[in-house]
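Working notes, structure below.
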Amino acid sequence: DAKTTQPNSMESNEEEPVHLPCNHSTISGTDYIHWYRQLPSQGPEYVIHGLTSNVNNRMASLAIAEDRKSSTLILHRATLRDAAVYYCILRDPTSGYSTLTFGKGTMLLVSP
Amino acid sequence: GAGVSQSPSNKVTEKGKDVELRCDPISGHTALYWYRQSLGQGLEFLIYFQGNSAPDKSGLPSDRFSAERTGGSVSTLTIQRTQQEDSAVYLCASSFRSDGGALHFGNGTRLTVT
């Protein structure tokens, strides 16, 4: 599986935008970019995913670089509830058995 | 709507006993996954079911671990002769399709082996 690299942790203030980066320089043409987050004592929660174009949903936006070697998850206004570990994952649907390999992610700290 | 349901939410067992963990996926989801997460660690893939295909068991750590999925729906993860290192949160997830589909996780079963 292609690997992703994320900062171990980031800090933000409440109501400010947050940009969470992810590098995936070995991404293949068929890899989708997925983002999940895990709040304390909960299972991971799907946030967003995309292939080539930028994506928006009610939770966040996903900006994908033109060469697809990096992406950024954007939380437009951080709240205290957004404090979580954020995982950037590549998923290849052509690999047969398609699983997600979770790395250590980025721990986002949000201050009031 | 109903999400992925796991039971029990907590399980304490003695070393050497067998345990069964249950997962009820979202209705209609064809893919089902089991992961485990030890304290302070990332998620470790265990097993993956997709429709009627043979499951991908490549993540099972030993032959004490097995899983079944009956009727393409409910899944049971069985750990035989539990050891203390089996203590972890066991997470189940399901998705509609394996290609690009989002995984929906349950809140897990916290297993403690004493």
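Computed from a prediction, not measured in an experiment: that's the story for all the values here. The sequence lines fix the lettering, A, B, ..., with proteins before strands; numbering per chain opens at 1.
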**Item:** ILVMFWY network linking A/Y46 to B/Y33, side-chain heavy atoms under 4.5 angstrom
**Value:** yes
**Request:** Determine whether B/I79 and B/V89 fall in the same hydrophobic cluster, where Ile, Leu, Val, Met, Phe, Trp and Tyr are linked whenever their side-chain heavy atoms lie under 4.5 Å apart.
**Result:** no
Please determine whether the number of non-hydrogen atoms from other residues, nucleotides or ligands lying under 6.0 Å from atom [atom1] of [X] exceeds 12.
X	atom1	answer
B/R64	CZ	yes
A/L80	CG	yes
B/R110	CZ	no
A/D67	CG	yes

**Request:** Examine whether an atom of B/Q6 lies under 4.5 Å from a heavy atom of chain A, and if so say whether it belongs to the side chain, the backbone or both; otherwise answer neither.
**Result:** neither
**Point-to-point distance, once rounded to the nearest 0.5 Å, from CZ of B/F105 to OH of A/Y36** = 6.5 Å
**Separation between CD of A/E45 and CG of B/N107, rounded to the nearest 0.5 Å** = 10.0 Å
**Fill in**
Per-residue tally against chain B (heavy atom, under 4.5 Å) across A/P44, A/G105, A/S41 peaks at A/P44
**Request:** Determine, step by step, whether B/L103 and A/R91 satisfy the side chain to side chain contact (heavy atoms under 4.5 Å, CB included) criterion, reporting the C-alpha distance in whole Å, the side-chain angles of both residues, the deciding distance to 0.1 Å, and the verdict.
**Result:** CA-CA 11 Å; B/L103 263 64; A/R91 190 171 191 202; 3.3 Å; yes
**Asked** So do the side chains of B/F45 and A/F102 get within less than 4.5 Å of each other, counting heavy atoms only?
**Response** no
**Prompt:** Under a 4.5 Å cut-off applied to non-hydrogen side-chain atoms, are B/Q37 and A/Q38 in contact?
**Reply:** yes
